[in-house]
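The structure appears below as structure tokens.
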Amino acid sequence: MFRFHSISDYHKALQNGQTTCVEAVRFYIDAITEHAYLNAYIEVFEEEALTKANELDELRAKEGINTSLHGVIVGLKDVICYKDHAVSAASKILQPFTSIYSATATQKLIDAGAIIIGRQNCDEFAMGSSNENSAYGPVKNARDTSRVPGGSSGGSAVAVQAGLCMVSLGSDTGGSVRQPADFCGIVGLKPSYGRISRYGLIAYASSFDQIGIFANNIPDAAVVLETIAGDDEYDSTVSTHPVPAYSSSLTPPPKAYKIAYFEEALNHPALDPTIKKEIKNTIESLQSAGHDVQPVSFRLLNYVVPTYYVLTTAEASSNLSRFDGVRFGSRTKKEGLDLTDMYKATRSEGFGEEVKRRILLGTFVLSEGFFDAYFTKAQQVRQLLKQQTDTIFTNFDCIISPTVSAPAFKLGEKTSDPIEMFLADIFTVYPNLVGIPAISIPLYTHENGMPFGLQLMTAAFNELTLLQLSQTLMAKQDERI
Ligand code: GLN
């Protein structure tokens with residue numbers, strides 16, 4: 001029977017003739033059907049995935065494997081465009097809408113030989129922390145189906161967790177890749193702002209958004225990153241920094257790292273005691289391995305969530321104004337309305353509760369009379385956070401923290417209290433506010449049986465150190481098992 005461990009093992013098995021791309025696609029199609037109750041996929045591209053697999057099997061017979069993601073089966077969060085395929089941001093307002101072009105990340109996957117297996121469920125317009133805000137219904141955590149998978153990229157996380165694809169792409173504006181990776185026990189990587197082109201990613205908050213990667217292990221995340229990162233003429237905010245060969249440089253140089261942790265994060269009253277204990281153990285084992293691990297103060301910690309929600313809702317209210325039933329989106333069926341009432345009816349019917357809440361909040365913080373008190377203030381806090389971050393990285397290689405303050409909660413547990421839900425993001429929004437890369441790696445299991453992760457952060461565009469340290473920590477954990 002087909003089994004997947006890593007992309008490199010899969011490539012070896014293809015080369016030895018032990019498996020084929022067609023066998024792999026069939027395996028995943030069956031697995032997706034069997035696990036339909038998890039609600040991870042909105043649509044599966046069964047026939048075309050099989051056709052592509054067949055083509056790749058024929059190509060390999062002639063040429064061998066000469067692209068990085070040959071036959072790799074990838075799922076896309078339903079906010080990433082794929083030409084001639086529907087994309088909906090898990091919203092009613094975009095039903096039906098078909099992408100007229102592919103996102104740069106999608107195109108790079110295809111050029112590297114990947115097989116796109118389907119589009120994955122998420123919170124509407126990537127707004128949420130539990131995947132309960134989807135027009136297609138909630139996604140369930142495969143480890144315990146009474147619990148949420150995290151959000152907003154919940155479907156993409158569960159697809160990797162439950163073996164319904166090899167890797168998937170999500171988007172991370174304030175933790176939407178790392179938080180569900182933490183809840184599901186897998187790797188979730190958010191690169192630096194601008195590392196991967198945002199062209200073809202449906203925007204939530206453009207100065208925060210970044211495509212991220214879900215994988216079972218660090219080498220797989222690294223090979224996907226090096227394939228899809230880099231300059232792009234279609235995104236003026238993408239970086240021209242050269243893309244290192246991450247996957248072939250995962251062994252860290254033999255040196256003692258300087259690692260910081262935030263005292264305020266580890267002593268936060270909302271932090272689950274088991275998570276605190278496990279992270280303290282990791283700090284001690286890093287110290288006994290010869291690394292210099294020290295506390296640093298993060299006085300602004302309690303301001304990050306409000307700052308994030310002021311700025312992202314402001315950007316969202318602007319980004320989502322295009323969904324008006326004229327430029328984009330399905331139009332209300334009500335007849336005889338003037339233009340303004342038609343907009344109102346379309347948007348009231350098409351958007352879900354959470355998206356409406358954020359558009360209202362964003363419009364409010366941008367409105368005359370409140371702009372300085374909220375928007376300008378939040379920009380100032382963002383600036384302070386950037387300065388503080390630069391200072392930390394002049395002295396340290398890496399910062400570690402919990403990814404989330406508690407493991408996956410029960411479905412419905414936080415839906416009535418948006419503030420509670422927002423607070424689940426306290427440790428993940430900071431890297432997006434300052435544009436640095438961050439990753440969640442699945443190192444721990446809670447006594448309630450749920451997995452949780454460690455978050456690592458490095459200076460902007462230092463994904464290499466991030467991946468090397470993550471690889472070392474994950475390898476250590478494998479030894480323990
Ligand atoms: N949970 C956060 C929010 O709801 C993060 C979302 C994301 O990263 N897309 O805004």
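Values in this document were obtained by computation on a predicted structure and should not be read as measured data. Each ligand, and each atom within it, is numbered from 1 in the order the structure gives.
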Open item on the list: Please list the nearest protein heavy atom to atom 6 (C) of ligand 1 with its residue and the distance rounded to 0.1 Å.
Closed with: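 Answer, as residue, atom name and distance: Ser176 OG, 2.8 Å.
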
TODO: Report the nearest protein non-hydrogen atom to atom 5 (C) of ligand 1: residue, atom name, distance rounded to 0.1 Å.
DONE: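 Nearest neighbour among protein heavy atoms for atom 5 (C) of ligand 1, to 0.1 Å: Tyr308 OH, 3.3 Å.
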
Task: Whether Asn131 side chain and Gly154 backbone form a donor-acceptor pair below 3.5 Å - done: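 Side chain of Asn131 to backbone of Gly154, a donor-acceptor pair under 3.5 Å: yes, one is there.
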
Open item on the list: I'd like to know if the side chain of Asp324 and the backbone of Arg327 have a donor-acceptor N/O pair within less than 3.5 Å.
Closed with: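 Looks like yes, one N/O pair under 3.5 Å.
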
Open item on the list: Exactly one of Asp172, Thr403, Asp425 should register a side chain to side chain donor-acceptor pair (under 3.5 Å) with Arg178. Which one does?
Closed with: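 So, applying the side chain to side chain donor-acceptor pair (under 3.5 Å) to Arg178 and each of Asp172, Thr403, Asp425, only Asp172 qualifies.
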
TODO: Going by the side chain to side chain donor-acceptor pair (under 3.5 Å) test, name the single residue among Gln455, Glu264, His268 that passes it with Ser401.
DONE: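 Only one option passes, and that is Gln455.
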
Please classify the [X] to ligand 1 contact at 4.0 Å (heavy-atom distances, strictly less than): side chain, backbone, both or neither.
X: Ala126; answer: both
X: Arg358; answer: side chain
X: Asp425; answer: side chain
X: Phe422; answer: neither

Are the side chains of [X] and [Y] in touch, meaning some heavy atoms are under 4.5 Å apart?
X: Val243; Y: Asp231; answer: no
X: Val87; Y: Val79; answer: no
X: Lys190; Y: Asn432; answer: yes

May I ask you to check if ligand 1 and [X] share an N or O to N or O distance below 3.5 Å?
X: Ser129; result: yes
X: Lys77; result: no
X: Gly151; result: no

Open item on the list: If the cut-off is 4.0 Å to any non-hydrogen atom of Asp172, which atoms of ligand 1 fall inside it?
Closed with: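 Here the atoms of ligand 1 in question are 8 (O).
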
Open item on the list: Out of all atoms in ligand 1, which are within 4.0 Å of some heavy atom of Gly174? Include the element for each.
Closed with: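 Listed by number with element: 5 (C), 7 (C), 8 (O).
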
- [ ] Apply the test ring pair (Phe, Tyr, Trp, His ring centres under 6.0 Å) to residues Phe452 and Phe183: give CA-CA distance (whole Å), side-chain angles for both, the deciding distance (0.1 Å), then the verdict.
- [x] CA-CA 6 Å; Phe452 62 95; Phe183 281 9; over 10 Å; no

